[in-house]
Protein chains: 2
Amino acid sequence: MKKNVSAVLLALILVCLASWAKACDAELRGTGDLGVVVERERGTLLIVEHSTDQVLCRVEGLGDLSHASAVFSRDARYAYVFGRDGGLTKVDILTGKVTHRVIQGGNSIGGAISQDGSLIAVSNYEPGGVKVFSSTDLSLVADIPAAFEGSEKGSKTVGLVDAPGNRFVFSLFEGASTWIADLSKPQKPQITKFTGVGKEPYDALISGDGRYYIAGLFGEDGLALLDLWHPDKGVRRILPHYGKGQEKLPVYKMPHLEGWAVAGDLIFFPAIGLHQVLVANKESWEQVARLELKGQPVFAMARPDGRQVWVNFAFPDNNWIQVIDVPSLQVIKTMDVGKGALHMEFTPRGEKVWISIRDKNQIKIFDTQSLELIKTLPAQRPSGIFFTNRSGKIGL
Amino acid sequence: MKKNVSAVLLALILVCLASWAKACDAELRGTGDLGVVVERERGTLLIVEHSTDQVLCRVEGLGDLSHASAVFSRDARYAYVFGRDGGLTKVDILTGKVTHRVIQGGNSIGGAISQDGSLIAVSNYEPGGVKVFSSTDLSLVADIPAAFEGSEKGSKTVGLVDAPGNRFVFSLFEGASTWIADLSKPQKPQITKFTGVGKEPYDALISGDGRYYIAGLFGEDGLALLDLWHPDKGVRRILPHYGKGQEKLPVYKMPHLEGWAVAGDLIFFPAIGLHQVLVANKESWEQVARLELKGQPVFAMARPDGRQVWVNFAFPDNNWIQVIDVPSLQVIKTMDVGKGALHMEFTPRGEKVWISIRDKNQIKIFDTQSLELIKTLPAQRPSGIFFTNRSGKIGL
């Protein structure tokens, strides 16, 4: 009984701590070591700093942030946050102020910033299609409906990423297509369409060099690969057995593709419906190994030097984190970090990793060399963590 | 005669323009799109911004900046500049002020910042060895003399780079060795020594993932490769014919190794004493091609997406820039940009490249998609250009 009271008190104290975060002070400082943490239920962002591992302040009023993601401006001062409610919010991370906000669609599921930093693209479930906004004031620049043959309504769009040449690449769920939208002339997007890429693409990734676009298919086995250096060769199927023989999962239980880790010549990706990470060769796209893990992986993230891959898992195993050593393909650490380990973000040069632990209202920070916990920070139901060095990267 | 007068007047106007740069204003702004340009003879730095392609201001008082290089703090606010006179200067790029300066050796030739951002290492010709400083106040943290068997004086150190795990890697010119200095405990550096790596290593590079350290040899043919994932395997010789059969060049005419471009599986590097770039496979370390170019290459730099390699050349061909298309291994553009094209720096996601043209007192900015000149900026005898996104990268 006493133990229970202590536990309740401790929980209350943690919740209080977690809800505390001071207002943002606009002070002269570099923005290379800043980031944002999404507090999904509260609809707020924490602004954080990873040199000293601290929460700087909290930003209010961002709407529904479940599954929210963020990209950063070219100067690493502004975060553009894509909310599930179709909201697109521009936040000044130096002042902690929302500078612009538009409700751009009914149900948005992700976005990207163009190579030159001038355009923000958002993909939508409702009403479908992709909208493109000015990164300065979020005014609408282009509206790309995803109409396809045999449909009046148009398609949901998924797997939206930026690519070199001020292009955006995305796929049509109902339309079974992958489109390249060239926005070199923003008012006149040039669209290249690849049809029949496979049934129901549900998510995609682009390789770190902006060359390979890979869409996952909900409606059939295998994956659809487009080599952006050779678009004339069209979309081809790789890993044809991916997903084969597995029970159908609901689409929201399918692995995130943006979590795929590329480490040297190897690519690590979550198996569907299995407690495994699959390893394939990035040249031949053949599977080379299958690693047994604690649960159904959600994200498999490579440390920036590609020496380790960190994996988190779907419920009910979402308290585990496993670390794979790339040269030996062995699990070198298994950690119980607490329920709801949703997102991992490495510092730019990879010496630390931040992990959001939703059900504990915590962010845990680990040293990636010793694999030891360095620090725990309070946060309210944290999910996504995004650091500003993403602003200088293709496809992030 | 009239023509000559006009030319002289034009030159004077250009010099005046080039010497103009306002004082720095400390204003609230992101630091993700800033950089520094070294004005070598004047001993000054220009602070530049690559979103709008402009010079923001000039910083005075950095001493002898011939062959100067720079690294950035973790927060992308401070530049650490390594001068040829042994000076190490910390510059606040938001205020344009020198915050700290030490003369740390007689003749320094480059430096690096540790993975965690806490340490600055500098390699020295005179008195040799490596000194390690706190990145906060430039106080001395560790002094690593490069003593080796058969010498009392110690060795010049070259090819100093940072590697994951708060390590620095460098080579001993007279000592024919490569050393790994682990500074996880800064006061007690742990040194691992590889002896007999080859005669007179004169420069080195580390691959972008921090795995491969490659030293060039002045005293014999071939290159010395150390796989930092497998240091137990020791240093091995690759490309044994590199340099073979060529007339001996003075050491200052040897190609810069940090200019090697890694693009996908290929590595591009300047041939020694030939008008060629060599292409090797990064897995097998075998040579796969040899491209005939305009002159003796100095730097071969990959666009961040690896789709192009840009090459500049040694005197008397230092007015040329050539662009190689990686998939076809063809030269797709040859440009006369003016005499003294010394350094190329790509914007973080590669849509633009800045080139310093020393003898024209200019920086020229090109669009890397159209390969067209976008803008020309004045600068006094500019050499190195360094953008802040280097702060988030291994080995830069």
Side-chain angles (χ1 to χ4, degrees), chain A residues 26-34 49-51 72-78 92-95 113-118 162-166 184 208-211 228-230 263-265 282-283 303-307 326-327 347-352 368-370 387-389 391-394, chain B residues 26-34 49-51 72-78 92-95 113-118 162-166 184 208-211 228-230 263-265 282-283 303-307 326-327 347-352 368-370 387-389 391-394:
Chain A
E27 67 176 71
L28 206 65
R29 54 159 299 144
T31 54
D33 58 350
L34 297 182
E49 190 230 75
H50 56 69
S51 285
F72 291 94
S73 62
R74 234 177 152 287
D75 62 358
R77 175 171 181 174
Y78 299 96
D92 181 343
I93 60 174
L94 279 176
T95 64
I113 183 163
S114 62
Q115 185 186 27
D116 71 357
S118 70
D162 65 276
N166 255 30
S184 307
D209 58 4
R211 176 169 179 181
L228 294 169
W229 287 17
H230 301 291
D265 292 325
K282 202 166 65 75
E283 297 313 303
R303 199 172 75 171
D305 67 347
R307 179 69 198 258
V326 168
T347 53
R349 294 206 275 164
E351 77 280 16
K352 292 184 278 196
T368 64
Q369 190 78 13
S370 66
F387 292 155
T388 55
N389 67 305
S391 80
K393 297 213 165 175
I394 297 163
Chain B
E27 67 177 71
L28 205 64
R29 54 158 301 146
T31 54
D33 59 351
L34 298 182
E49 191 229 75
H50 56 69
S51 286
F72 292 95
S73 62
R74 237 180 150 284
D75 62 358
R77 175 171 180 173
Y78 299 96
D92 181 342
I93 60 175
L94 281 176
T95 64
I113 184 164
S114 63
Q115 184 185 29
D116 71 355
S118 70
D162 65 276
N166 255 31
S184 308
D209 59 3
R211 176 169 178 179
L228 294 170
W229 287 17
H230 302 290
D265 291 326
K282 202 167 64 76
E283 298 313 303
R303 199 172 74 172
D305 67 347
R307 178 69 197 258
V326 169
T347 53
R349 294 206 275 164
E351 77 280 15
K352 294 183 278 196
T368 64
Q369 190 78 14
S370 66
F387 292 153
T388 55
N389 68 304
S391 78
K393 298 213 165 175
I394 297 163

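Reminder, nothing fancy here: chain letters follow the sequence lines and each chain counts from 1.
Residues B:Leu94 and A:Arg29 are not in side-chain contact: their nearest non-hydrogen atoms beyond the backbone lie 4.5 Å or more apart. In this structure, the side chains of A:His230 and B:Pro327 come closer than 4.5 Å at one or more pairs of heavy atoms.
With respect to chain B, the highest number of heavy-atom pairs below 4.5 Å among A:Asn166, A:Thr368, A:Ile113 belongs to A:Ile113. Of the listed residues (A:Gly392, A:Ser391, A:Pro348), the greatest number of heavy-atom pairs within a distance under 4.5 Å of chain B belongs to A:Gly392. Taking chain B as the reference chain and counting heavy-atom pairs below 4.5 Å, the highest number among A:Arg303, A:Glu49, A:Lys393 is found for A:Lys393. Interface summary for chain B: among A:Thr347, A:Val326, A:Leu34, A:Asp265, the most heavy-atom pairs under 4.5 angstrom belong to A:Asp265.
Taken to the nearest 0.5 Å, the CG atom of A:Asn389 stands 9.5 Å off from the CG atom of B:Asn389. Atoms CG and OG, on B:Asp116 and A:Ser51 in that order, are 9.5 Å from each other to the nearest 0.5 Å. Note that CD of A:Gln115 is 7.0 Å distant from CG of B:Asp305, once rounded to the nearest 0.5 Å.
Residues B:Ala76 and A:Gly32 share a closest heavy-atom pair of CB-CA, 4.0 Å.
With a 4.5 angstrom heavy-atom cutoff, B:Glu27 touches chain A only via backbone atoms. For a residue to count as touching a neighbouring chain, one of its non-hydrogen atoms must lie under 4.5 Å from one of that chain's; by this rule B:His50 touches chain A with backbone and side chain alike. For chain B, the nearby part of A:Lys352 is the side chain; its heavy atoms alone come within less than 4.5 Å. Neither the backbone nor the side chain of B:Asp92 comes within less than 4.5 Å of any heavy atom in chain A. Interface residue B:Arg74: backbone and side-chain heavy atoms are both found under 4.5 Å from chain A. For chain A, the nearby part of B:Gln369 is the side chain; its heavy atoms alone come within less than 4.5 Å. Contacts of B:Thr95 with chain A are made by side-chain atoms alone, with heavy-atom separations under 4.5 Å and no backbone atom involved. If you measure heavy-atom distances from A:Arg211 to chain B, you find no contacts under 4.5 Å at all.
In this structure, A:Arg77 contributes its side chain and B:Leu28 its backbone to a donor-acceptor pair below 3.5 Å.
B:Asp162 has a carboxylate O that lies under 4.0 Å from a charged side-chain N of A:Arg349, or vice versa, which qualifies the two as a salt bridge.
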